[in-house]
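This report refers to the structure that appears directly beneath it.
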Amino acid sequence: MTKRRNWDVHPKIIRKLNQEAIYWADNILAAEEELIPVLQEMDRHRYFVRFGYKSLRGYCTKALLLSDNQSQRIVTRVRRAIPSPKIGI
């Protein structure tokens, strides 16, 4: 009969890893809040094109190594925050 590896690890190590995971999960939202204004500026001037990306989503996915879902969510937040130019005033 083989031992289960999960039970061989000391509980303090598991608690420490859990605390680290909680810490980083909490900081993901804060990091996104700081990332949005930077990406707004990059989107406004299309700076991502200089790095060889056709879209802000491609830049987020390939350069920043975010998942497709994260990239789409962040790009949506970036685009909603930028006021569109008013036409016909």
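Atoms considered below: every heavy atom in the structure, side chains included; atoms not considered: hydrogens, waters and symmetry mates.
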Criterion side-chain contact (heavy atoms from CB on, under 4.5 Å) on L39 and V78, from CA distance to verdict: CA-CA 7 Å; L39 292 177; V78 166; 3.8 Å; yes
Output the distance between atom [atom1] ([X]) and atom [atom2] ([Y]), rounded to the nearest 0.5 Å.
X: H45; Y: R50; atom1: NE2; atom2: CZ; answer: 10.5 Å
X: R77; Y: Q40; atom1: CZ; atom2: CD; answer: 9.5 Å
X: I28; Y: L35; atom1: CD1; atom2: CG; answer: 12.0 Å
X: K62; Y: L65; atom1: NZ; atom2: CG; answer: 11.5 Å
X: Q72; Y: T76; atom1: CD; atom2: OG1; answer: 4.0 Å
X: L66; Y: R73; atom1: CG; atom2: CZ; answer: 9.0 Å

Stepwise side-chain contact (heavy atoms from CB on, under 4.5 Å) check, F51 with M42: CA-CA 11 Å; F51 296 105; M42 289 192 77; 4.1 Å; yes
Which heavy atom in [X] sits nearest to a heavy atom in [Y], and how many Å separate them?
X: L56; Y: R79; answer: CB-NH2, 3.8 Å
X: D43; Y: F48; answer: OD1-CE2, 3.8 Å
X: A63; Y: Y53; answer: CB-OH, 3.6 Å

Under a 3.5 Å distance rule, please check whether [X] uses its side chain to pair with a backbone N or O of [Y] as donor and acceptor.
X: E34; Y: A31; result: no
X: N27; Y: Y23; result: yes
X: H10; Y: K12; result: yes

Side chain to side chain, L64 and Q70, heavy atoms closer than 4.5 Å: no
P11 side chain reached by R15 side chain, heavy atoms, under 4.5 Å: yes
Neighbour count above 12 (heavy atom, 6.0 Å) for R46 CZ: no
